[in-house]
Amino acid sequence: MQRDAIYIDEIHSSGFTFDDRVASVFSDMINRSVPGYAQTLQMVELLSHQYAQNGSNLYDLGCSLGAATLALRRGSRERQCRVIGIDNSAAMIDRCRQILGHEDIELHCQDILATPIENASVVVLNFVLQFIAIEQRQQLLQAICTGLRPGGILILSEKISFPDPRENRLQIELHEAFKRAHGYSELEISRKRTALEDVLIPEPLSTHHQRLADAGFCSSHTWFQCFNFSSMIAIKSV
Ligand SMILES: C[S@@+](CC[C@H](N)C(=O)[O-])C[C@H]1O[C@@H](n2cnc3c(N)ncnc32)[C@H](O)[C@@H]1O
Ligand SMILES: O=C(O)C(=O)C[C@]1(C(=O)O)C=C[C@@H](O)C=C1
């Protein structure tokens, strides 16, 4: 695994993008940046095993290098499911094809906002909605809910914010301590913080749960939170 040294090397004046440089170190970057990332993958496999319906489609929207796509496949091995990974970064999808080439997985380089979701039983948005423009988030969740079979689920993992400014500050500090503990310097942390401004827009858990309800899910539950990272499961009624 190639080590993420992107923000050591030079000052990046432009915003964060999923280009070839990021794709080449992405595994290391996300593991050292997102508390609980490995656990979300384990639970995608478990939830896929629990909810994947025979003959249905399983979607990983914003699949990057396919870590959650593989978890969907592993969780549904004994069922007749199509596992579909979508990402609009060619650099990510090309690498993903190399990594998952031998697996029974379909990969497409396209915008998830233009991707038809149909006959689905499990849909994953693992740290992806945060990169979608706020005004387009409702429409995406609605399309997902419509494309799910009764009893199907959405797994939604996000970097979150907190309505109380003091709690927000504390959780950001704890996240930055996590990054320092995983070898990132103050300079790297601050450069990436600047690069992510206006690119990754976190929202409070309450906003996510309200949007999921408005999209038509009958219930949604926070199953994981560590500092300012969280994962939810939203269920479509049977
Ligand atoms: C933080 S990464 C996701 C990590 C991945 N889901 C995992 O669990 O390893 C966000 C990904 O979303 C993709 N993405 C962002 N906006 C997108 C869009 N509109 N359509 C498709 N992919 C998108 C990016 O290219 C990037 O690969
Ligand atoms: O490094 C950070 O501060 C993050 O917010 C982590 C985060 C994410 O949540 O998606 C940001 C960009 C990369 O996609 C990998 C991880």
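When a ligand or atom number is given, it counts from 1 through the structure's own listing order.
- The number of heavy atoms from other shown groups lying within 6.0 Å of CD (Q80) does not exceed 12.
- We find that R169 and E173 are joined by a salt bridge, their nearest charged nitrogen and carboxylate oxygen being less than 4.0 Å apart.
- Distances from ligand 2 to the non-hydrogen atoms of K179 include at least one value under 4.0 Å.
- Of the protein's non-hydrogen atoms, Q130 NE2, 3.4 Å is the one closest to atom 8 (C) of ligand 2.
- Close N/O approach between F18 and ligand 1 is not found [any backbone or side-chain N/O within under 3.5 Å].
- Close N/O approach between G62 and ligand 1 is found [any backbone or side-chain N/O within under 3.5 Å].
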Under the side-chain contact (heavy atoms from CB on, under 4.5 Å) criterion, do F131 and L196 qualify, and how do the steps go? CA-CA 10 Å; F131 293 107; L196 284 171; 4.3 Å; yes
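- Remark: side-chain polar atoms of D87 are paired, donor with acceptor, to backbone N or O of S64 under 3.5 angstrom.
- Within the listing of ligand 1, atoms 3 (C), 4 (C), 5 (C), 6 (N), 8 (O) sit less than 4.0 angstrom from a heavy atom of N126.
- The only option from R77, R74, R73 that meets the salt bridge (Lys or Arg N to Asp or Glu O under 4.0 Å) definition with D104 turns out to be R73.
- In the vicinity of D111, heavy-atom distances shorter than 4.0 Å reach the ligand 1 atoms 18 (C), 19 (N), 20 (N).
- Side chain to side chain, D214 and Q210 meet the donor-acceptor criterion of an N or O pair below 3.5 Å.
- If you check which protein heavy atom lies closest to atom 15 (C) of ligand 2, you get K192 NZ, 3.8 Å.
- Applying the 4.0 Å criterion to heavy atoms of S89 picks out, from ligand 1, the atoms 25 (O).
- For ligand 2, the atoms closer than 4.0 angstrom to any heavy atom of F16 are 12 (C), 13 (C).
- Close contacts between ligand 2 and F26 involve ligand atoms 14 (O) [criterion: under 4.0 Å to a heavy atom].
- Around atom 25 (O) of ligand 1, the closest heavy atom drawn from L129, D87, V22, L70 belongs to D87.
- There is a side-chain donor-acceptor pair under 3.5 Å between S157 and N126.
- Interface atoms of ligand 2 facing H175, defined by a heavy-atom separation under 4.0 Å, are 2 (C), 3 (O).
- For ligand 1, the atoms lying closer than 4.0 Å to a non-hydrogen atom of I132 are 16 (N), 19 (N).
- A cation-pi geometry, defined here as NZ or CZ lying under 6.0 Å from the six-membered ring centre and within 45° of its normal, does not hold between K192 and Y7.
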R149 vs K236, side-chain contact (heavy atoms from CB on, under 4.5 Å): CA-CA, chis, key distance, verdict: CA-CA 8 Å; R149 287 181 177 186; K236 182 164 173 175; over 6 Å; no
Apply side-chain contact (heavy atoms from CB on, under 4.5 Å) to I144 and L61, showing your working. CA-CA 10 Å; I144 292 169; L61 303 178; 3.8 Å; yes
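- Among M29, R191, E188, the single residue meeting the side chain to side chain contact (heavy atoms under 4.5 Å, CB included) criterion with I6 is M29.
- Between the R137 side chain and the L129 main chain, a donor and an acceptor come within less than 3.5 Å of each other.
- In the vicinity of F229, heavy-atom distances shorter than 4.0 Å reach the ligand 2 atoms 5 (O), 9 (O).
- When only non-hydrogen protein atoms are considered, atom 20 (N) of ligand 1 lies nearest to I112 N, 2.9 Å.
- Selection from L65, V124, N88 by nearest heavy atom to atom 18 (C) of ligand 1 gives N88.
- For F131, every heavy-atom contact with ligand 2 shorter than 4.0 Å involves the side chain, none the backbone.
- Using a 4.5 Å cut-off on side-chain heavy atoms (C-beta onward), F16 and V22 make contact.
- Of all the atoms in ligand 2, the ones that sit under 4.0 Å from a non-hydrogen atom of F18 are 14 (O).
- Interface atoms of ligand 2 facing L200, defined by a heavy-atom separation under 4.0 Å, are 5 (O), 8 (C), 9 (O), 11 (C).
- Counting the atoms of ligand 2 from 1 in the order shown, those under 4.0 Å from a heavy atom of S33 are 1 (O), 6 (C).
- Proximity of a side-chain donor or acceptor of S230 to a complementary backbone N or O of C226 within less than 3.5 Å is not detected.
- Of the candidates A67, A23, G85, S64, it is S64 that places a heavy atom closest to atom 3 (C) of ligand 1.
- By the criterion of a heavy-atom distance under 4.0 Å, neither the backbone nor the side chain of L61 is placed next to ligand 1.
- For the pair Q110 and ligand 1, a heavy-atom separation below 4.0 Å is found.
- When the heavy atoms of F127, F26, Y37 are ranked by distance to atom 9 (O) of ligand 1, first place goes to Y37.
- Only the side chain of V34 comes within 4.0 Å of ligand 2, judged by heavy-atom distances.
- Annotation for D164: atom CG counts as buried by contact number, over 12 foreign heavy atoms lying within 6.0 Å.
- Near L196, meaning under 4.0 Å from one of its heavy atoms, ligand 2 places the atoms 2 (C), 3 (O), 4 (C), 5 (O), 11 (C).
- Here the side chains of M232 and H209 are in contact, with some heavy-atom distance below 4.5 Å.
- Closest heavy-atom approach to atom 4 (C) of ligand 2 within the set R32, K159, M29, E158: this belongs to K159.
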